[in-house]
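What follows is a single structure, written as C-alpha coordinates, with notes after it.
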Amino acid sequence: MTERASQKRKKECEQQIEELYAEVGKLTYSIIVAQKNLAANLPRDERLHLLEWDTPGLAIQVQADLLSLNRSSQYYQPVPPSSEEIRLKHRIDELYTKHIFLG
(Lines give C-alpha, C1' and ligand atoms only; values in the text may rest on other atoms or scores of the structure.)
Protein backbone atom coordinates (compact mmCIF):
# COMPACT_ATOMS: atom_id res chain seq x y z
CA MET A 1 0.00 0.00 0.00
CA THR A 2 1.42 3.36 -0.96
CA GLU A 3 1.82 6.31 1.34
CA ARG A 4 -0.89 8.19 -0.52
CA ALA A 5 -3.38 5.29 -0.24
CA SER A 6 -2.69 4.89 3.49
CA GLN A 7 -3.24 8.62 4.07
CA LYS A 8 -6.52 8.44 2.17
CA ARG A 9 -7.62 5.40 4.21
CA LYS A 10 -6.66 7.17 7.44
CA LYS A 11 -8.76 10.23 6.51
CA GLU A 12 -11.73 8.02 5.62
CA CYS A 13 -11.47 6.27 8.98
CA GLU A 14 -11.20 9.57 10.85
CA GLN A 15 -14.24 10.93 9.01
CA GLN A 16 -16.20 7.78 9.80
CA ILE A 17 -15.23 8.09 13.48
CA GLU A 18 -16.42 11.72 13.54
CA GLU A 19 -19.72 10.70 11.96
CA LEU A 20 -20.19 7.93 14.53
CA TYR A 21 -19.43 10.31 17.40
CA ALA A 22 -22.00 12.75 15.98
CA GLU A 23 -24.59 9.95 15.80
CA VAL A 24 -23.83 8.90 19.39
CA GLY A 25 -24.29 12.52 20.47
CA LYS A 26 -27.67 12.74 18.74
CA LEU A 27 -28.86 9.49 20.28
CA THR A 28 -27.66 10.52 23.74
CA TYR A 29 -29.52 13.80 23.43
CA SER A 30 -32.66 11.98 22.28
CA ILE A 31 -32.49 9.69 25.32
CA ILE A 32 -32.10 12.66 27.67
CA VAL A 33 -35.10 14.45 26.14
CA ALA A 34 -37.22 11.29 26.25
CA GLN A 35 -36.19 10.68 29.86
CA LYS A 36 -37.20 14.21 30.90
CA ASN A 37 -40.53 13.95 29.07
CA LEU A 38 -41.25 10.58 30.65
CA ALA A 39 -40.42 11.83 34.13
CA ALA A 40 -42.52 14.96 33.61
CA ASN A 41 -45.56 13.21 32.13
CA LEU A 42 -45.84 10.01 34.16
CA PRO A 43 -46.37 9.84 37.91
CA ARG A 44 -43.85 7.90 39.97
CA ASP A 45 -46.17 4.92 40.48
CA GLU A 46 -46.58 4.42 36.74
CA ARG A 47 -42.84 4.70 36.17
CA LEU A 48 -42.31 2.08 38.91
CA HIS A 49 -44.53 -0.34 37.00
CA LEU A 50 -42.38 0.13 33.90
CA LEU A 51 -39.38 -1.48 35.61
CA GLU A 52 -38.66 -4.95 34.23
CA TRP A 53 -36.91 -7.01 36.89
CA ASP A 54 -36.46 -10.07 34.68
CA THR A 55 -34.77 -8.35 31.74
CA PRO A 56 -31.20 -9.70 31.58
CA GLY A 57 -30.02 -7.24 28.91
CA LEU A 58 -30.94 -4.06 30.78
CA ALA A 59 -29.87 -3.73 34.41
CA ILE A 60 -32.25 -2.29 37.01
CA GLN A 61 -29.73 0.51 37.60
CA VAL A 62 -29.99 1.59 33.95
CA GLN A 63 -33.78 1.25 33.88
CA ALA A 64 -34.15 3.28 37.09
CA ASP A 65 -31.86 5.96 35.68
CA LEU A 66 -33.83 6.16 32.43
CA LEU A 67 -37.11 6.42 34.36
CA SER A 68 -35.70 9.03 36.78
CA LEU A 69 -36.16 6.75 39.75
CA ASN A 70 -33.90 6.32 42.75
CA ARG A 71 -32.59 2.76 42.44
CA SER A 72 -32.06 2.17 46.15
CA SER A 73 -35.74 2.90 46.85
CA GLN A 74 -36.72 -0.01 44.59
CA TYR A 75 -35.46 -2.55 47.12
CA TYR A 76 -37.10 -1.06 50.23
CA GLN A 77 -40.01 -3.06 51.58
CA PRO A 78 -41.96 -1.10 54.21
CA VAL A 79 -42.55 -2.93 57.47
CA PRO A 80 -45.91 -2.29 59.14
CA PRO A 81 -45.75 -1.21 62.78
CA SER A 82 -46.16 -3.93 65.37
CA SER A 83 -49.24 -4.06 67.57
CA GLU A 84 -47.03 -3.18 70.56
CA GLU A 85 -45.77 -0.05 68.78
CA ILE A 86 -49.33 1.00 67.89
CA ARG A 87 -50.44 0.41 71.48
CA LEU A 88 -47.60 2.55 72.83
CA LYS A 89 -48.30 5.36 70.36
CA HIS A 90 -51.96 5.41 71.39
CA ARG A 91 -50.96 5.51 75.05
CA ILE A 92 -48.55 8.39 74.43
CA ASP A 93 -51.31 10.23 72.57
CA GLU A 94 -53.74 9.68 75.47
CA LEU A 95 -51.23 10.98 78.03
CA TYR A 96 -50.33 13.99 75.89
CA THR A 97 -53.99 14.84 75.28
CA LYS A 98 -54.83 14.48 78.97
CA HIS A 99 -51.77 16.48 80.21
CA ILE A 100 -51.05 18.83 77.33
CA PHE A 101 -49.52 21.41 79.68
CA LEU A 102 -46.63 19.01 80.51
CA GLY A 103 -45.27 19.28 76.97
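All values reported here derive from a predicted model rather than from experimental measurement.
Put simply, Leu50 and Trp53 are part of the same group of oily side chains (I, L, V, M, F, W, Y) that touch within less than 4.5 Å, one to the next.
Screening residues 92-103 for side chain to side chain donor-acceptor pair (under 3.5 Å), with sequence neighbours left out, gives Arg91-Glu94.
Remark: Leu20 CG to Gln16 CD distance equals 5.5 Å, nearest 0.5 Å. In this structure, CD in Glu14 is found 11.5 Å from CZ in Arg9, a value given to the nearest 0.5 Å. Interatomic distance, Ile100 CD1 to Leu95 CG, rounded to the nearest 0.5 Å: 12.5 Å. For the atom pair Ile60 CD1 and Asp54 CG, the distance stands at 8.5 Å (nearest 0.5 Å). We find the NE2-CD distance between His90 and Glu85 to be 10.5 Å, quoted to the nearest 0.5 Å.
Residues Gln63 and Leu58 approach most closely at NE2-O, 2.8 Å, considering heavy atoms.
Not counting sequence neighbours, Glu18 has no partner by the side-chain hydrogen bond (donor to acceptor under 3.5 Å, both in side chains) test. Partners of Glu84 according to the side-chain hydrogen bond (donor to acceptor under 3.5 Å, both in side chains) rule, which considers only residues two or more places apart in sequence or in another chain, are Arg87.
Considering Val62, Leu48, Leu51 as possible partners of Leu67, the one that fulfils the side-chain contact (heavy atoms from CB on, under 4.5 Å) test is Leu51.
The neighbour count for Gln15 CD, taken as heavy atoms of other residues, nucleotides or ligands under 6.0 Å away, does not exceed 12.
Residues Lys89 and Ile86 are not in side-chain contact: their nearest non-hydrogen atoms beyond the backbone lie 4.5 Å or more apart.
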